[in-house]
Amino acid sequence: MKKENRKLFLQIKGLSKEFRQGKDRILAVSDLNLEIEKGEIFGLVGESGCGKSTLGQMLVHLLEPTSGEIFLEGENVTRLSKKQFRELCRRMQIIFQNPYSSIDTGKTIGWLLEEPLKIHKLGANQAERRERILQLLKAVGLEESCLERWPDELSGGQRQRVAIALALILEPDFVVCDEPVSALDVSVQAQVLNLLLELREALGLTYLFISHDLHVVSYLSDRIGVMYLGSLVELGESAALSSPPQHPYTKALFSAALAAE
């Protein structure tokens with residue numbers, strides 16, 4: 001993304017999330033500040049349990065922050081009324097890690113894609129909704145015949161394409177991609193990553209891309225943030241973050257990535 005085209009889209013101020021387990025308190029995200037620009041892919045990398053998925057779920061309101069604020073294009077969207085939340089759902093969506101657990105296997109693909117349109121009253125009639133669905137299926141690389149199929153009849157790669165379609169059916173402008181390729185075969189991962197890149201360009205999307213895999217994040221992202229023990233410990237342009245990394249954890253990530261090559 002060219003620097004002259006940059007515009008602040010999402011702003012996170014002092015965001016924290018605390019969980020309770022009996023008498024214990026676990027701080028999953030600690031006083032985190034972050035700005036994401038419109039149209040960019042911001043990569044968030046860190047080991048399992050560092051708080052990156054918790055952050056992503058707070059941004060799309062699946063979890064409520066313990067403290068802090070979230071601003072979308074200057075508007076505070078941290079705590080919303082039911083009506084405001086309904087509108088925000090259209091703008092902010094999430095793609096989960098595992099396509100085998102994130103999709104309802106008791107419904108056909110056609111039903112799954114049409115239901116959000118009905119709920120949000122998008123499309124004047126069934127024919128208009130179907131046309132919208134068919135256009136989206138084509139965009140994610142699936143055949144029309146998928147509409148009559150059940151999730152269990154699809155491959156992992158096809159399921160994840162359905163998951164992407166479900167995230168995009170309401171035409172959001174911000175999508176959290178939470179480890180969207182980690183459950184897929186290596187041969188399929190590149191196809192899905194390239195699809196996400198194509199959709200970003202075609203639909204003008206902004207992504208928060210979450211992963212533990214530094215190679216994947218570096219391939220996809222404009223900028224990268226490194227998360228460690230609930231905090232953002234380093235941030236920089238994707239191409240420049242490695243020259244050289246400053247935080248000890250970032251150095252360890254790059255060393256592990258080099259050793260795996």
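What you are looking at is a predicted structure, and each value in this text was computed from that prediction instead of being measured.
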Quiz item: Atom CG of L63 and atom CD of Q57: how far apart are they, to the nearest 0.5 Å?
Solution: 4.5 Å
Exercise. Could you tell me whether a side-chain N or O of Q189 sits under 3.5 Å from a main-chain N or O of L184, the two making a donor and an acceptor?
Key: yes
Practice problem: Could you check L168 against L203 for side-chain contact (heavy atoms from CB on, under 4.5 Å), going step by step and ending with a plain yes or no? | Solution: CA-CA 9 Å; L168 298 182; L203 303 177; 4.0 Å; yes
Quiz item: Without hydrogens or angle criteria, can the side chains of Y207 and D222 be said to hold a donor-acceptor pair below 3.5 Å?
Solution: no
Exercise. Kindly say whether R132 contributes a backbone atom to a donor-acceptor pair with the side chain of Q135 at under 3.5 angstrom?
Key: no
Quiz item: Taking a hydrophobic cluster as the set of Ile, Leu, Val, Met, Phe, Trp and Tyr residues connected by side-chain heavy atoms closer than 4.5 Å, whether directly or through intermediates, do V140 and W150 fall within one such cluster?
Solution: no
Quiz item: Does any non-hydrogen side-chain atom of E47 lie less than 4.5 Å from one of M227?
Solution: no
Quiz prompt | Linked, directly or transitively: L214 and V233 (ILVMFWY side chains, under 4.5 Å) | solution = yes
Quiz item: With the threshold set at 4.0 Å, does a side-chain nitrogen-carboxylate oxygen contact exist between R79 and E69?
Solution: no
N/O donor-acceptor pairs under 3.5 Å from side chains in residues 116-126, not counting sequence neighbours:
{"residue": "N125", "atom": "OD1", "partner": "A127", "partner atom": "N", "Å": "3.2"}
{"residue": "N125", "atom": "OD1", "partner": "E128", "partner atom": "N", "Å": "2.8"}

Quiz item: Does the side chain of L32 reach to within under 4.5 Å of the side chain of L34, using non-hydrogen atoms?
Solution: yes
Quiz prompt | Non-neighbouring partners of D213 that pass salt bridge (Lys or Arg N to Asp or Glu O under 4.0 Å), sequence neighbours left out | solution = none
Quiz prompt | E144 and R130: CA distance, side-chain angles, deciding distance, salt bridge (Lys or Arg N to Asp or Glu O under 4.0 Å) verdict | solution = CA-CA 10 Å; E144 182 178 348; R130 185 176 179 86; 3.0 Å; yes
Exercise. Please round to the nearest 0.5 Å and tell me the distance separating atom CG of L205 and atom CD of E171.
Key: 10.0 Å
Practice problem: Sorted by first residue and then second, give each side-chain hydrogen bond (donor to acceptor under 3.5 Å, both in side chains) pair with at least one member in residues 85-95; sequence neighbours left out. | Solution: E73-R91, R91-D173
Quiz prompt | Cluster link I26 to L55, ILVMFWY, side chain under 4.5 Å | solution = no
Quiz item: Is it the case that more than 12 heavy atoms not belonging to F174 sit under 6.0 Å from its CZ atom?
Solution: yes
Quiz item: Only one of V217, L232, I224 clears side chain to side chain contact (heavy atoms under 4.5 Å, CB included) with L44; which?
Solution: L232
Exercise. With the side chain counted from C-beta on, respond yes when T78 and F71 share a heavy-atom pair under 4.5 Å apart, and no when they do not.
Key: no
Practice problem: Before giving the answer on side-chain contact (heavy atoms from CB on, under 4.5 Å), spell out for T206 and V175 the whole-Å C-alpha distance, their side-chain angles and the decisive distance to 0.1 Å. | Solution: CA-CA 6 Å; T206 302; V175 181; over 6 Å; no
Quiz prompt | Connected via hydrophobic side-chain network under 4.5 Å: L27 and V226 | solution = no
Name each donor-acceptor pair under 3.5 Å that joins a side chain in residues 8-23 to protein atoms two or more places apart or in another chain, with its distance.
{"residue": "Q11", "atom": "NE2", "partner": "E35", "partner atom": "OE2", "Å": "3.1"}
{"residue": "S16", "atom": "OG", "partner": "D31", "partner atom": "N", "Å": "2.7"}
{"residue": "K17", "atom": "NZ", "partner": "E64", "partner atom": "O", "Å": "2.7"}

Self-check item: Nearest-0.5 Å distance that lies between atom OG1 in T108 and atom CD in E114
Solution: 9.0 Å
Exercise. Would you check if H61 and L88 make a side-chain contact, meaning some heavy-atom pair closer than 4.5 Å?
Key: yes
Exercise. Measure the CD-CG distance between Q84 and N76 for me, rounded to the nearest 0.5 Å.
Key: 10.0 Å
Exercise. Compare all side-chain heavy atoms of D104 with those of K107 and state whether any distance is below 4.5 angstrom.
Key: yes
Quiz item: How far does CD of Q160 sit from CG of L196, to the nearest 0.5 angstrom?
Solution: 8.5 Å
Quiz item: Rounded to the nearest 0.5 Å, how far apart are CZ of R223 and CD1 of I41?
Solution: 12.5 Å
Exercise. State yes or no: do L62 and I210 share one hydrophobic cluster built from I, L, V, M, F, W and Y residues joined by side-chain heavy-atom distances below 4.5 Å, directly or via other members?
Key: yes
Contacts under 3.5 angstrom, residues 176-183 side chains, donor-acceptor by atom type, not counting sequence neighbours:
{"residue": "D178", "atom": "OD1", "partner": "S53", "partner atom": "OG", "Å": "2.9"}
{"residue": "D178", "atom": "OD2", "partner": "S53", "partner atom": "OG", "Å": "3.1"}
{"residue": "E179", "atom": "OE1", "partner": "H212", "partner atom": "ND1", "Å": "3.1"}
{"residue": "E179", "atom": "OE2", "partner": "H212", "partner atom": "N", "Å": "3.0"}
{"residue": "E179", "atom": "OE2", "partner": "H212", "partner atom": "ND1", "Å": "3.1"}
{"residue": "S182", "atom": "OG", "partner": "Q97", "partner atom": "NE2", "Å": "3.0"}
{"residue": "S182", "atom": "OG", "partner": "E179", "partner atom": "O", "Å": "3.3"}

Exercise. For the pair F209 and L193, evaluate side-chain contact (heavy atoms from CB on, under 4.5 Å) and give the outcome as yes or no after the intermediate values.
Key: CA-CA 10 Å; F209 188 90; L193 290 175; 3.8 Å; yes
Quiz prompt | E198: salt bridge (Lys or Arg N to Asp or Glu O under 4.0 Å) partners, not counting sequence neighbours | solution = none
Quiz item: Nearest heavy-atom pair of G43 and S221: which atoms, and what distance?
Solution: CA-OG, 3.2 Å
Quiz item: Does a side-chain heavy-atom distance below 4.5 Å link C50 with L229?
Solution: no
Quiz prompt | Heavy-atom pair of closest approach, residues L170 and C89 | solution = CD1-O, 4.3 Å
Quiz item: When you look at W111 and L147, which way does the side-chain contact (heavy atoms from CB on, under 4.5 Å) test go after all the steps?
Solution: CA-CA 8 Å; W111 189 95; L147 293 178; over 6 Å; no
